[in-house]
Q: 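Mind looking over this structure? Questions follow.
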Amino acid sequence: MSASRPAAPAERVPAERVAVPAGTTCADAVATTKLPATGPNAIIAVRAPDASVRDLSWVPDHDVEVEPVALSSPDGLNVLRHSTAHVLAQAVQDLFPEAKLGIGPPIENGFYYDFDVSIPFQPGDLERLEARMQEIIKAGQKFRRRRFSSVDEANTELANEPYKLELIDLKGAVDTGEVMEVGGAELTIYDNVDSTTDKVCWSDLCRGPHLPSTRLIPAFKLTRSAAAYWRGNEKNQQLQRIYGTAWPTRDALKEHLRMLEEAAKRDHRRIGEELDLFTFSKEVGKGLPLWLPNGTVIRDELEQWARQTERKLGYQRVVTPHITKEDLYYLSGHLPYYEEDLYAPIEIEGEKYYLKPMNCPHHHMVYRARPHSYRDLPYKIAEYGTVYRFERSGQLHGTMRARGFTQNDAHIYCTYEQAKDQFLEVMRMHDDYYRALGITDFYMVLALRDPKNRDKYHDDEGMWTTAEQITRDAMEESNIPYIEDIGGAAHYGPKVDFMIRSATGKEFGASTNQVDLYTPRRFGLTYHDSDGAEKPVVVIHRAPLGSHERFVAYLTEHFAGAFPVWLAPEQVRVIPIADDLLDYAATVRATLLDADLRVELDTTDNRLNAKVRAAVTRKVPLILVLGRREQENESVSVRDRSGKEQSMPLAAFVKHAQDLVRDKSLDGAGHLRPVAPGVKGNP
Ligand SMILES: [Zn+2]
Ligand SMILES: [Zn+2]
């Protein structure tokens with residue numbers, strides 16, 4: 001699982017280049033162009049020929065051409081957000097002089113900064129910090145880069161910042177995706193300089209780049225604070241992290257805050273509890289969800305859909321055990337390399353057994369259990385298989401990231417000649433599933449080898465070339481947009497991840513797929529070809545609906561709990577307006593149950609309005625209100641999610657509801673409501 005993702009397709013538009021003569025600043029060169037110096041498209045940095053982003057104050061030692069970086073471009077936003085993190089840190093040390101500095105990188109849509117303080121920040125503190133930050137921004141402090149001439153010099157100047165000292169010590173061995181402080185060719189510090197007196201107000205160890213001035217921060221907000229361990233390790237000191245966001249315009253900030261609010265409303269952890277989909281219990285353990293009856297309905301419906309889809313495509317189902325002897329994982333290579341991702345082994349009769357972290361090795365053993373001829377291929381086996389992986393408690397997030405989960409898993413064993421079409425079929429399957437669920441915003445990421453880092457990957461060059469070729473051919477033919485992630489491949493081959501965006505713009509890795517030529521050799525997975533020769537198969541790994549835990553979490557946020565009728569745990573609520581109508585209501589309920597619909601009858605003596613409200617709160621898609629007239633005509637009054645009411649004969653309603661289920665209709669589902677046209681979570 002790679003931590004950082006490349007930007008989604010078509011976000012980086014290369015700008016015109018600007019020539020910078022040796023010995024002069026990029027700022028001077030940019031000033032000779034017509035490019036803006038203020039506003040959302042202000043040029044605030046440059047991209048050097050080596051692809052690094054640099055300050056406008058950079059003075060190249062030979063003539064170069066640079067690409068101007070605008071504030072609202074993806075690179076520009078990173079610079080803006082990270083510079084705002086500096087302003088935050090300065091404000092924190094102004095108001096809390098004892099605070100020690102951790103790290104402060106830009107993140108998706110914002111930034112954070114970690115601080116060692118004796119008392120955690122309170123909500124009121126964030127307001128005070130914002131006010132101080134506004135003053136710093138108004139003052140228009142300049143960011144000025146200064147190079148340390150030696151490590152000793154840096155250590156002396158930063159003697160009061162123990163965390164920065166540690167980073168200097170680690171220089172070269174840190175993840176530069178997160179740590180902005182060090183990792184460049186030089187060790188540098190940025191001074192915040194008063195624009196009138198030229199006096200240094202504050203400094204921070206950093207490799208940059210930054211905005212030329214704090215005045216170029218148009219709009220920001222501190223969003224929350226939380227505890228975080230130094231360098232993400234729970235054995236380390238606990239620090240306090242402040243999160244914030246910054247945008248090129250006030251409107252963009254406002255839109256982002258609205259989106260955050262919507263995301264909070266759609267949070268699957270909140271809706272999951274409110275609609276009784278799942279729960280967690282201290283006694284059962286962290287990251288191990290208990291699926292309640294309502295959530296189980298959704299799982300069952302998804303599973304049935306997958307089974308039907310797969311059966312038509314020639315998949316057969318298998319069942320494999322949850323615990324397995326260590327021998328299998330030595331064969332698969334999970335041991336000893338991935339031991340830390342597994343739960344500690346259980347010892348039985350002197351042998352070690354592990355909880356299974358994935359289904360693949362078991363499926364390979366199923367394939368191997370019988371000889372196969374070319375006539376059997378493709379051989380497709382599927383299982384909703386439950387797996388367990390050890391995730392750090394800090395990484396757990398509702399059911400989105402859990403320690404036990406059940407995957408929509410399957411493996412296709414086929415010949416090399418069949419592999420492209422089989423992989424294409426898998427891609428089309430994703431496409432069909434997503435469209436049926438109203439998920440239209442998705443793309444693929446092709447994870448490839450990093451040619452500069454060959455040790456990470458197996459060394460059979462021919463195998464890499466073939467796997468990449470098959471994968472790419474299928475991707476091209478699928479017409480689904482994709483981007484490449486160099487260095488994201490697994491040890492044994494390239495991967496294709498499907499990324500989908502939720503209604504609030506959040507990006508979500510839905511499934512990982514692979515054309516695997518490596519494992520068949522390791523496991524000895526072969527077939528007898530028509531010429532009598534024994535040949536290795538290709539294995540295709542796929543799980544289009546991911547795991548129930550992650551996918552239902554995603555769908556809950558996607559639909560804001562207002563699931564389409566076919567997935568809704570309760571499809572119909574029957575509400576009689578008076579007690580003497582209970583008999584008719586019971587008849588209606590029985591008719592609907594017979595028609596295979598999920599129906600509940602409200603027998604409380606609440607007022608009609610309260611009963612309707614209760615059903616609306618539970619997000620029941622179809623509410624039937626029964627009065628005397630309905631009883632006389634054997635009809636029902638139907639209220640749908642839009643609030644529209646219409647009367648129809650009971651038999652007509654049964655057909656209507658069945659049609660909605662059969663067609664997997666999205667009528668009234670909650671996947672479209674909040675997003676203004678053209679607005680996405682990412683800039
Ligand atoms: Zn910095
Ligand atoms: Zn697999």
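As the structure lists them, so they are numbered: ligands from 1, and atoms in each ligand from 1. No hydrogens, no waters, no symmetry mates; every other heavy atom, side chains included, goes into these values.
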Q: Name of the H541 N, O or S atom nearest the Zn ion (ligand 2)?
A: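 Of the nitrogen, oxygen and sulfur atoms in H541, the Zn ion (ligand 2) lies nearest to ND1.
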Q: With the Zn ion (ligand 1) at the apex, how many degrees lie between SG of C206 and NE2 of H210, rounded to 10 degrees?
A: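 Output for this angle: 120°, rounded to tens.
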Q: Just by distance, with hydrogens left out, do E166 and W230 show a side-chain donor and acceptor under 3.5 Å apart?
A: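 Per modelled atom types, E166 and W230 side chains form a pair under 3.5 Å.
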Q: Taking the six-membered ring where the residue is Trp, are the ring centres of H458 and Y518 under 6.0 Å apart?
A: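 Yes: the rings meet the under 6.0 Å criterion.
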Q: Among H411, E425, Q316, find the residue that satisfies the side-chain hydrogen bond (donor to acceptor under 3.5 Å, both in side chains) test when tested with K380.
A: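 That would be E425.
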Q: Between F551 and Y554, how do the two ring planes meet: parallel, tilted or perpendicular, split at 30° and 60°?
A: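 Judged by the thresholds at 30° and 60°, the geometry between F551 and Y554 is tilted.
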Q: So, of the N/O/S atoms that H86 has, which is the nearest one to the Zn ion (ligand 1)?
A: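 This residue's closest N, O or S atom turns out to be NE2.
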Q: N/O/S atom of H363 under 2.8 Å from the Zn ion (ligand 2), yes or no?
A: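 No, since none of the N, O or S atoms of H363 sits under 2.8 Å from the Zn ion (ligand 2).
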Q: Of all the N, O or S atoms in H82, which has the shortest distance to the Zn ion (ligand 1)?
A: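 Of all N, O or S atoms belonging to H82, NE2 is the one nearest the Zn ion (ligand 1).
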Q: Centroid-to-centroid, Y527 to H372, below 6.0 Å?
A: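 No, ring centres 6.0 Å or more apart.
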